[in-house]
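Here is the structure we will look at, set down as structure tokens.
In this text the structure is predicted, and so the values were computed from the model without any measurement. A note on names: the letters A, B, ... follow the listed sequences, proteins ahead of strands, and every chain is numbered from 1.
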Amino acid sequence: MSNYLDGLNDVQYKAVTHTDGPVLVVAGPGSGKTRVLTYRIAHLIEKGVAPWEILALTFTNKAAREMKERIGKVVGQRANRVWAGTFHSIFARILRSEAEKIGYPSSFTIYDSDDSKSVISSIIQEMNLNKEHYNPNAVLSRISSAKSNLITPKLYEKDAELRDQDRQAKRPHIYAIYAKYTAKCKRSGAMDFDDLLYRLYELFQKNPDNVLDKYRQKFKYLLVDEFQDTNHLQYSIIRKFVQYPGSAHNICVVGDDAQSIYAFRGATIQNILDFESDFKKHDIQVFKLEQNYRSTEHIVQTANEIIGYNRRQIKKTIWSDKGEGHRIKLIKAMTDTEEGQRIADTILEQKNRYHLSNGEIAILYRTNAQSRVFEEYLRRYNIAYKIFGGLSFYQRKEVKDMVAYLRLAVNPQDEEALRRIINYPKRGIGKTTLDKIATVASQLDKPMWECLGKVQIGKRADAAIADFISMAKTFQVKAQQGDAHEVATYIAKRSGILDELKGDNSVEGMNRLENFNALLDGVKAFVEEDTVIDTENIEDKSLSSYLQNIALLTDLDTKEEENGDYVTLMSVHAAKGLEFKSVFVVGMEEKLFPSFMAMESMDGIDEERRLFYVAITRAEQFLTLSYANSRYRYGQMRYNEPSRFLQEIPLERLEEVSGSRNPTVRPGFSTSEQAGSGGAKVSGHFRKPGRPAVAPGIDPKTFKADNPADIQAGMKVLHLKFGEGKVLAVDGAASSRIATIFFKDAEDPQQRKIMLKFAKLKIIG
DNA sequence: CCTAGGATGTTTTTT
DNA sequence: ACATCCTAGG
């Protein structure tokens, strides 16, 4: 029965079978992390733990789905009874059944970030604040990060440091916006994404009717995937589940500090450190999965080298026995257009030479906007491709409009839904009217819906509002009776949306109608098919149930058939967890990768470096990097220097593609700040990078590199990282001169080959 | 209340 | 470059 354990290596086996007590699994890229997690759950079930006593939290629906499928392969149907799902969906599920205890309707709406932003915008407007300084995006991220750190509006108001930061950013009233935002969501019967976490925390904290004990007893085993991406709030909830007197502390977290790429959203690898110390006294076991089964040595060792430049990391040695493999290719292009063409050329070449299928190839970029050139050339070369990212189905206007009608039918308090559709299609209820009602609602602290029709505006507007109310009421009644599909088709017709869309005969209009119909088809499928989310089949086919189901679906959950053989184009973030035989990481330029937004701080650079680490570790056999000297950005030609990360690649791992199309090469780096710096904090098993980031006695601030073209054999030079050295030889053509330099202070191979174009060297004699 | 065209603001984003 | 947002005039 337990042949599933056979294929595991030693550490994996231990991580799977050591079921009791706290466990931390540090899992390098390609080390079989998902395998350990799923087999561990399967193993628990085989040992007699009931599936519904196991709670497994992931970050994406996809990961949860995959996990369940793989558990199913070992234990069959029982896998569906495991509570496996995303933090948000599992917590939403718990909150649905406990909502009344904290003053929410059980049919609460879930606001997506667009809804949240819209709420914030209306508050900013209401408060008459300067729109220049109060950007809804910035305000939301501020509020979100407060919530993620358990800072309530009251605490925020009293927090001198936060208030000070806000004052300096010229938005001193954020604390007030936060308070209003919270109140507004509450009276709309709505929770935003952060609330799904925060309100659960609050529920457990207040613990009415001992609700917490119920869940502590229910879930005997807790597992967390991608633990490095959890924020403080998520970890606090996890601790609520397992850390209490008498607990068995059966918690297993799996993560990789080197792949933490969501710090900008509040994720903190501090949680991994805290986890170790928090559970130390309960005999925590730490397992490190260090064998990489994905990539060849050139790739794995390059990744190791690069991540070594980061200041803090959990010490581990990732290794591969897949052989050296191919060197990493570096393509240099003059322009972004040329980059696109050269990449397409290379893809064609690889397909011919190594018989790769499109599906084995991916192009990864830092920003979604970069996809266009590649699209163009792939189309021209007749190579099938698919772009991931961008607008998701549920973010399209026509879809959101319809969903808003559905939401309002289920939860009339939902103010965002109301605002969205009260005048769509046009029915003569304009902004002025709406503002008046909103003001009254705010003053009375009541849902806007309840103030509709109670505020006198004028003859015409009042009549329009009365019509709208009676229509919405019929929707609300319908929603209680029919199944989701019946209600939706009724609303589509009766609301006038369908006619509105049918009336538009433009190409975009047809497209919108198509999406709209796709949504209705989705509702139909929901009603007719067995839908499984989180734990069990949904028998409830009501509209309310449907909305709950789709609220947390996003990205590419619109399960498109996996058929079709296409090259994948996506952002590096989106590629996490995936693997391809051949990977192209493009746009390797300063200000792009690393992003200019991240360049001010060392933390920012470190996160970008982890992102680069994630990018290159997606590759199994072929890794190609590219950059362009110039590219269009915001409609203007910009010149960028090659990314600092390129210099961090060991020369012997690189194969430079001598491009015939780029005869001129811009001079190398000037004096911009260098990667890495001293002063790394060393705590616990964290270590300094393999070699000091900056050679002793050199101040990066004052270090000024000389023109690399001047470097000649025999010179004494100063290198920012390796210190003083003597140039033994210079070879290569003008565009790619390579110097062999002897560094007397450096560790390991004292003699290094350095590509002058990249090097920052100061001539000292 | 509605529409056209000028002003504006651009990272990544599991949920 | 481009899409979205805002403001002035119908």
Just N and O in the side chain of A:Asn137: are any of them under 4.0 Å from OP1 or OP2 of B:dG9?
no
Under-4.0 Å side-chain N/O to phosphate OP1/OP2 contact, A:Arg372 with C:dC2:
yes
Could you walk me through whether A:Phe87 and A:Phe59 pass the ring-ring contact (aromatic ring centres under 6.0 Å, His included) check?
CA-CA 6 Å; A:Phe87 277 89; A:Phe59 275 83; 5.1 Å; yes
What integer distance in Å separates A:Arg366:CZ from B:dT10:P?
15 Å
Atom CD of A:Glu607 and atom P of B:dT13: how far apart are they, to the nearest Å?
12 Å
Rounded off to whole Å, could you give me the CZ-to-P distance for the A:Arg265 and B:dT13 pair?
9 Å
Between B:dT12 atom P and A:Leu592 atom CG, what is the distance in whole Å?
10 Å
Hey, does the side-chain of A:Ser595 have a donor or acceptor N/O within less than 3.5 Å of a partner on the base of B:dT11?
yes
Rounding to a whole Å, what distance do you find between A:Tyr634:OH and B:dG9:C1'?
8 Å
How would nucleotides 1-6 of chain B be written as a contact map, 5' to 3', with B for base contact, S for sugar-phosphate-only contact and - for no contact, using protein heavy atoms under 4.0 Å?
SSS---
From CG of A:Leu611 across to P of B:dT12 the rounded distance in Å is 11 Å
Distance check needed: B:dT12 C1' versus A:Leu364 CG, whole Å only.
13 Å
Nearest-nucleotide comparison on DNA chain B, the residue closer to the 5′ end among A:Lys576 and A:Asn135
A:Asn135
Over all strands shown, is A:Tyr632 touching base, sugar-phosphate only, or nothing at heavy-atom distances under 4.0 angstrom?
nothing
I need the CD1-P distance between A:Ile110 and B:dT14, as an integer number of Å.
16 Å
